[in-house]
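Here is the structure we will look at, set down as structure tokens.
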Amino acid sequence: MSDASIADRPILAVSGIGKRFGGFVALESIDLSIAPGERLGLIGPNGSGKSTLVNCLCGTLRNETGRVVFDGHPLDGLIAHERTRLGLARSFQLPKPFHSLNLTDNIRVPLLYTVNARRGRHLSAGDVDARCQELLQEVGLADKARRLPRDLTQVEMRKLELARAVATEPRLLFADEAMAGLSPSEIEEILAVLFRLNQQGITIVLIEHIMRAVMSFSTRIAVLVAGQKIADGAPQEVMRNPEVERAYLGE
């Protein structure tokens, strides 16, 4: 394959993804293509299938139909940690730190577990410590490196969650409602972190209900409603879509 064709290849290609829970259709034939370096906003009402889609793409759930290809690699049959080691990561709406470990060690665990396995060699203790401090500095938590998660504010917990995801050295990051419940100034802090990560080369999918944040961050928006994708395009264009207004903004 030529360098040009590799450069043009989507980092994630989703075709015909379907998921059922008994008789309930959670996702129906979802197609989605994400370009390297893109900032995609994924929106939709509660229950629209956003989390189910992310869980299928990240390997937490298994889709019954369709295909997912990440950076040219089919993901069929790979479980979550195997996808993470390929460079696909996520943060969670409800942060899930190791509560008995300080912030540095919270970064150290995913760093060692994922990066060492991917590189096929062990990082030195000094390299690991330096990288942990670098990641905490990136999200503004370096001065709390020895503190426990219980000592953090809500916005700091969200920053730690993002740092833990980035410790796996992802090429694609799903940020799942990283701003829910935050004040306007705190939302700006999280947006600043996400913009920096994207500028460093990480493709980001933002799953979010705060439309001001979605419109500010996204270069493209995809909309799910009742398990179907009803719109996909430039943010302003999508927001003018009558179907989107009725199904999402008009709720």
Side-chain angles (χ1 to χ4, degrees), residues 10-35 38-71 73-80 82-84 86 88-94 96 165 170 172-181 203-215 217-251:
I11 192 169
L12 189 74
V14 179
S15 56
I17 288 293
K19 178 66 182 175
R20 290 175 175 267
F21 296 100
F24 174 69
V25 179
L27 297 173
E28 184 175 355
S29 194
I30 301 293
D31 295 332
L32 187 65
S33 181
I34 304 173
E38 193 168 19
R39 301 193 306 269
L40 175 70
L42 180 63
I43 67 172
N46 288 329
S48 61
K50 302 185 302 297
S51 294
T52 300
L53 177 60
V54 172
N55 286 333
C56 287
L57 299 181
C58 293
T60 308
L61 291 176
R62 215 166 260 200
N63 45 290
E64 283 90 21
T65 62
R67 190 165 186 254
V68 182
V69 178
F70 174 68
D71 196 26
H73 302 282
L75 298 184
D76 304 319
L78 297 185
I79 57 180
E82 294 171 323
R83 300 184 189 207
T84 299
L86 285 176
L88 187 67
R90 69 177 300 179
S91 65
F92 291 88
Q93 177 181 357
L94 297 177
K96 299 181 178 183
L172 172 60
L173 171 65
F174 288 92
D176 191 358
E177 297 201 36
M179 298 168 234
T203 304
I204 296 178
V205 178
L206 178 65
I207 304 97
E208 189 55 69
H209 283 292
I210 301 171
M211 290 307 302
R212 177 176 63 84
V214 173
M215 296 297 287
F217 182 77
S218 307
T219 54
R220 181 164 64 99
I221 290 178
V223 185
L224 296 186
V225 173
Q228 297 183 332
K229 189 177 78 170
I230 66 167
D232 187 341
Q236 295 296 339
E237 176 185 330
V238 167
M239 290 300 99
R240 288 195 297 266
N241 184 315
E243 193 174 2
V244 172
E245 292 180 354
R246 285 194 304 271
Y248 184 76
L249 299 178
E251 281 203 330

Mind checking the CG-CG spacing from Asn55 to Asn63? Nearest 0.5 Å is all I need. 11.0 Å

Heavy-atom side-chain contact between Val205 and Leu12 under 4.5 Å: no

Could you check whether any side-chain N or O of Thr219 sits under 3.5 Å from a backbone N or O of Arg39, counting only pairs where one atom can act as donor and the other as acceptor? yes

Test item: Val223 and Asn241 side chains (from C-beta on) under 4.5 Å apart, heavy atoms: no

In this structure, CE of Met179 is separated from CD1 of Ile210 (nearest 0.5 Å) by 6.5 Å

Has the side chain of Lys229 got a donor or acceptor atom that lies under 3.5 Å from a matching backbone atom of Ala222? no

Separation between CZ (Phe92) and OG (Ser51), nearest 0.5 Å, reads 10.0 Å

Are Ile11 and Glu38 close enough that some pair of their side-chain heavy atoms sits under 4.5 Å apart? no

Taking C-beta and beyond as the side chain, do Arg90 and Thr60 meet within less than 4.5 Å on heavy atoms? yes

Treating Arg83 as the side-chain partner and Leu57 as the backbone partner, does any N or O pair qualify as donor plus acceptor under 3.5 Å? yes

In short, Pro170 meets Ala89 closest at the heavy-atom pair CB-CB, 3.6 Å

Looking only at heavy atoms, what is the nearest atom pair of Thr52 and Ala26, with distance? CG2-CB, 4.0 Å

With no hydrogens and no angle check, is any side-chain donor or acceptor of Lys50 less than 3.5 Å from a backbone partner on Ile43? no

Does Arg220 come within less than 4.0 Å of Asp232, counting only side-chain N to carboxylate O? yes

Indicate the atoms forming the closest heavy-atom contact of Arg67 with Pro74, along with that distance. NH2-CG, 3.4 Å

For Leu27 and Cys56, the nearest pair of non-hydrogen atoms, with its separation, is CD1-SG, 4.2 Å

Taking Leu42 as the fixed residue, which of Ile207, Ile34, Asp176 is the one that meets the side-chain contact (heavy atoms from CB on, under 4.5 Å) rule? Ile207

Would you say Glu82's side chain and Ile79's backbone share a donor-acceptor pair under 3.5 angstrom? yes

For the backbone of Gly16 and the side chain of Thr65, can you confirm whether one donor and one acceptor N or O come within less than 3.5 Å of each other? yes

With rounding to the nearest 0.5 Å, note down the distance linking OG in Ser15 to CG in Leu32. 10.5 Å

Please report the closest heavy-atom contact between Met239 and Met211, naming both atoms and the distance. SD-CE, 3.6 Å

Keeping the roles fixed (side chain from Glu64, backbone from Arg20), state whether a donor-acceptor pair exists under 3.5 Å. yes

Value rounded to 0.5 Å, distance of CG in Leu206 from CD in Glu177: 9.0 Å

Restricting to non-hydrogen atoms, name the atom on Phe70 and the atom on Leu86 that form the minimum distance, rounded to 0.1 Å. CE2-O, 3.3 Å

Is the closest side-chain heavy-atom distance between Leu61 and Phe21 below 4.5 Å? yes

Going from CG on Leu75 to CG on Leu88, what distance comes out if it is rounded to the nearest 0.5 angstrom? 6.5 Å

